[in-house]
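The structure appears below as structure tokens.
Chain identifiers are assigned alphabetically (A, B, ...) following the order of the sequence lines, protein sequences preceding nucleic acid strands; residue numbering begins at 1 within each chain. Treat the numbers as computed from the prediction; the structure is a model and nothing was measured.
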Protein chains: 4
Amino acid sequence: MIIINERSPLPIYEQIVQQMKEAILKGVLQGGEKLPSVRELSANLLVNPNTVSKAYQELERHGVIETLRGKGTFVSRHPVPRMEQERLEQFQNSLRQLAIEAFYLGIDAEQFKQWVDEYMKELGREKHA
Amino acid sequence: MIIINERSPLPIYEQIVQQMKEAILKGVLQGGEKLPSVRELSANLLVNPNTVSKAYQELERHGVIETLRGKGTFVSRHPVPRMEQERLEQFQNSLRQLAIEAFYLGIDAEQFKQWVDEYMKELGREKHA
Amino acid sequence: MIIINERSPLPIYEQIVQQMKEAILKGVLQGGEKLPSVRELSANLLVNPNTVSKAYQELERHGVIETLRGKGTFVSRHPVPRMEQERLEQFQNSLRQLAIEAFYLGIDAEQFKQWVDEYMKELGREKHA
Amino acid sequence: MIIINERSPLPIYEQIVQQMKEAILKGVLQGGEKLPSVRELSANLLVNPNTVSKAYQELERHGVIETLRGKGTFVSRHPVPRMEQERLEQFQNSLRQLAIEAFYLGIDAEQFKQWVDEYMKELGREKHA
DNA sequence: GTGGTCTAGACCACT
DNA sequence: GTGGTCTAGACCACG
């Protein structure tokens, strides 16, 4: 189930991308499973079909989903990271910024790492079920 | 020294905010120290004064710097986190998203936490010097 | 043997057309040989009969195969290029675009021409066997 | 100068992408040069701004152009190939198909390679001027 | 039925 | 001024 927050500064299509990725990692969406069609999901979320389409295209560029001609869109069975170099750099930059923010919020390294563990476990848990 | 990357998707004013915060944490800028004026810094960085002004406003909202009417802008001596609740939630959301990206990039919890340690230590190191 | 890649951006009927052409050039399919019926091939490839039908129509328009009413579809004995002017222009346009991509990929003219030789020889080899 | 062919099966945004790449390689557009704004070009070509925007975003993903926040879009000074692996495979597939087409059009390897030389030289010629 | 493209027109953040 | 996002609604190729 995807929830759109219209007030979020994050573009709607990015919200879809992120929540889809999360759902797939958590096993809510399994490899090979069919995703709702663009029209279906757009009606469901009350957003424009173009917005959903943009999200699907980004997910496909990231290798997370695949479109089968005329059949629809499916979760990739064997996702292979794409643009790994660029995305790795982005990841590290984001993490650096989070470290700065943590300091100002009075979060120490222990607390930080504890959350990392927690979130990583949440994602991995049901995947192998 | 602040370095602006015009190609970054991060708004320039955010780049200033983040690098200011980093400089303060690292002790490059000390509590009570006077910051360059908006005009000065904007000339220095070759950016629009409005951009620097926006950065200073955000830093002030975050309680990191203080403006003394007619005297200038100064690094706060005892920064107290503001909007802690809201920013804490943002922090956790960002961390959650990073965890998802980490999975897709094949980064495991150990590697992730090692980087957290590394970055947190970088920040703390010179502050206590 | 034709292999369909449902993930390819190339329409399925085009995949059939191209692989048929390749098989004929390589001598896997000989001039005068009978092709499987639309039904047969579509069952074989697990694709919609309309898709195979569309492929056969394009092959016939290109003069590569011939339909004999009531008898079936056959590989042309003496294929004569049709719409030569139009297809020649398309060929040159495609080649021009490939040259542009080659530049951006850092492929020089020597490498490019070496591949041309390689692929052309692959096609010609078995034909004269 | 970009020319849109509304009858072409190639999407308009792809026509823009290809012709931009060609113009840059030929040196018509120099590294660092400012491109027309989205609105400007769209008015110029009589197409929708969204279409031009889509083309610019694809060019940026390919590392050919860069957008500077609030300033506009510029030709990259040092384009670095992106997604090289995928694009290289696409390149080779396209070349293989062209080889097949060449056979049916009666184009031999010599003629083919001569055109390769011709087109590659066209692109490189004015670049170093 | 599916996704992909395009138009027309609006709003927003950033500089 | 710039590009980025979103909506509404249309058309098309593919299967």
Residues at least two apart in sequence or cross-chain that pass salt bridge (Lys or Arg N to Asp or Glu O under 4.0 Å) with D/Glu86, listed by chain then number, are A/Arg82
**Message:** Donor-acceptor check, side chain of A/Gln30 to backbone of A/Gly27, threshold 3.5 angstrom: yes or no?
**Reply:** yes
Contact check, residues 61-74 of chain A vs DNA chain E, heavy-atom distance under 4.0 Å, returns A/Gly70, A/Gly72, A/Thr73
Check whether A/Ser8 reaches the backbone of A/Leu10 with its side chain - one donor and one acceptor, N or O, closer than 3.5 Å.
yes
Considering only distance and modelled atom types, tabulate donor-acceptor pairs under 3.5 Å from the side chains of residues 38-45 of chain B, sequence neighbours left out.
{"residue": "B/Glu40", "atom": "OE1", "partner": "B/Ser37", "partner atom": "N", "Å": "3.3"}
{"residue": "B/Ser42", "atom": "OG", "partner": "B/Val38", "partner atom": "O", "Å": "3.2"}
{"residue": "B/Ser42", "atom": "OG", "partner": "B/Arg39", "partner atom": "O", "Å": "2.9"}

| message | Test your reading of the model: is there a side-chain donor-acceptor pair from C/Thr67 to the backbone of C/Thr73, 3.5 Å cut-off? | response | no
What residues 11-22 of chain B contributes to the DNA chain E interface at heavy-atom separation below 4.0 Å is B/Pro11, B/Ile12, B/Tyr13
Note: contacts of residues 32-52 of chain A with DNA chain E (heavy atom, under 4.0 Å) are A/Ser37, A/Val38, A/Arg39, A/Asn50
A correct dot-bracket answer for DNA chain E, with pairs being Watson-Crick or G-U at under 3.5 Å, [ ] for crossing pairs and | for inter-strand pairs, is ||||||||||||||.
Nearest heavy-atom contact between B/Met20 and B/Leu35 is SD-CD2, 4.2 Å
Residues pairing under salt bridge (charged side-chain N to carboxylate O under 4.0 Å, His left out) where one sits in residues 4-16 of chain A, two or more places apart or in two chains, turn out to be none
Compile the donor-acceptor pairs under 3.5 Å between side chains in residues 95-105 of chain A and protein atoms, sequence neighbours left out, one pair per line.
{"residue": "A/Gln97", "atom": "NE2", "partner": "B/Gln18", "partner atom": "OE1", "Å": "3.1"}
{"residue": "A/Glu101", "atom": "OE1", "partner": "B/Lys21", "partner atom": "NZ", "Å": "3.1"}
{"residue": "A/Glu101", "atom": "OE2", "partner": "B/Arg87", "partner atom": "NE", "Å": "3.1"}
{"residue": "A/Glu101", "atom": "OE2", "partner": "B/Arg87", "partner atom": "NH2", "Å": "2.9"}
{"residue": "A/Tyr104", "atom": "OH", "partner": "B/Lys21", "partner atom": "O", "Å": "3.3"}

Outermost contacting nts on DNA chain F, any atom under 4.0 Å from chain C heavy atoms, listed 5' then 3', are F/dC14 to F/dG15
Q) Any donor-acceptor pair under 3.5 Å linking the side chain of D/Thr51 with the backbone of D/Val47? A) no
Side chain to side chain donor-acceptor pair (under 3.5 Å) filter on A/Ser53, not counting sequence neighbours, yields A/Gln57
Applied to residues 43-66 of chain C, the salt bridge (charged side-chain N to carboxylate O under 4.0 Å, His left out) test, sequence neighbours excluded, yields C/Glu58-C/Arg61
Sorted by chain and number, sequence neighbours left out, side chain to side chain donor-acceptor pair (under 3.5 Å) with D/Glu84 holds for none
